[in-house]
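Counting convention: from 1, in listed order, for ligands and their atoms alike. All figures in this text were calculated on a predicted structure; none of them were measured in a lab.
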Amino acid sequence: MESAEYERRIAARFASFDQDGNGYIDREDFSSAAKALLAEFGVTARCDKGQALYIGAEAFWQGMAGIADVDGDQRVTREEFVTGAVKRLRDSPQRFAEIARPFLRAVVAVADGDGQGVTVADASRVLRVLGVAPDVVPVAAAALDPAGTGRIPSEEQLLAAFASYFTTPAPDA
Ligand code: CA
Ligand code: CA
């Protein structure tokens, strides 16, 4: 893949992390995402699932900052994200999946209302709340359910899909 194309695609991912669109990623973006997800699924912040989501979001932020916050000002600029993420992902493609695991696990618990696994419809709600473009949501949700069972498969498959969102080319980018 062309390096410029790869960096452009990573830069597009920046927008989905920068939840409030103020030009940098910080702890606030992750806690806002957690808050929005809890509101969407009617889960309180005080319950176990709510607490796990905030803890997972904080861990995700810390992992992100560890990878990309080069100057240590607790803000990841677009340049830091593109430079840091691209470099680290080339070194270790599984890195994002690993730092995201506690957050994704908590999101699954919040979105899985009946304990039978997250439905594709609920996964679409998650993607929409996280700021994925409306035209991309159905495509991304369908990609999470390759067998067409109507439910999202295991955590490992979810993590793999998440990692590939960052590391493989996609027509939506
Ligand atoms: Ca922001
Ligand atoms: Ca910084």
Fill in the blank from the handout: Looking at Asp20, the N/O/S atom that lies nearest to the Ca ion (ligand 1) is called OD1

Practice task
Kindly indicate whether the side chain of Val126, heavy atoms from C-beta on, has any atom under 4.5 Å from the side chain of Leu37.
Solution key: yes

Practice task
Please check if atom CG in Asp48 has more than 12 non-hydrogen atoms from other residues, nucleotides or ligands closer than 6.0 Å.
Solution key: no

Practice task
Using 3.0 Å as a strict upper limit, say whether an N, O or S atom of Asp26 approaches the Ca ion (ligand 1) that closely.
Solution key: no

Handout entry: Asp18 OD1 and Asn22 OD1 subtending at the Ca ion (ligand 1) (10° steps)
Key = 90°

Problem - Cationic tip of Arg125 above Phe41 ring, under 6.0 Å, 45° of axis - result: yes

Problem - Close side-chain approach of Trp61 to Ile25, heavy-atom, < 4.5 Å - result: yes

Problem - Contact check, side chains of Val120 and Ile152, non-hydrogen atoms, under 4.5 Å - result: yes

Problem - Residue pair Met64 / Ile99: nearest heavy atoms and the distance that separates them - result: N-CD1, 3.6 Å

Fill in the blank from the handout: Excluding waters, which are neither shown nor counted, protein N/O/S atoms under 3.0 Å from the Ca ion (ligand 2) come to 6

Practice task
Kindly indicate whether the side chain of Ile67, heavy atoms from C-beta on, has any atom under 4.5 Å from the side chain of Phe81.
Solution key: no

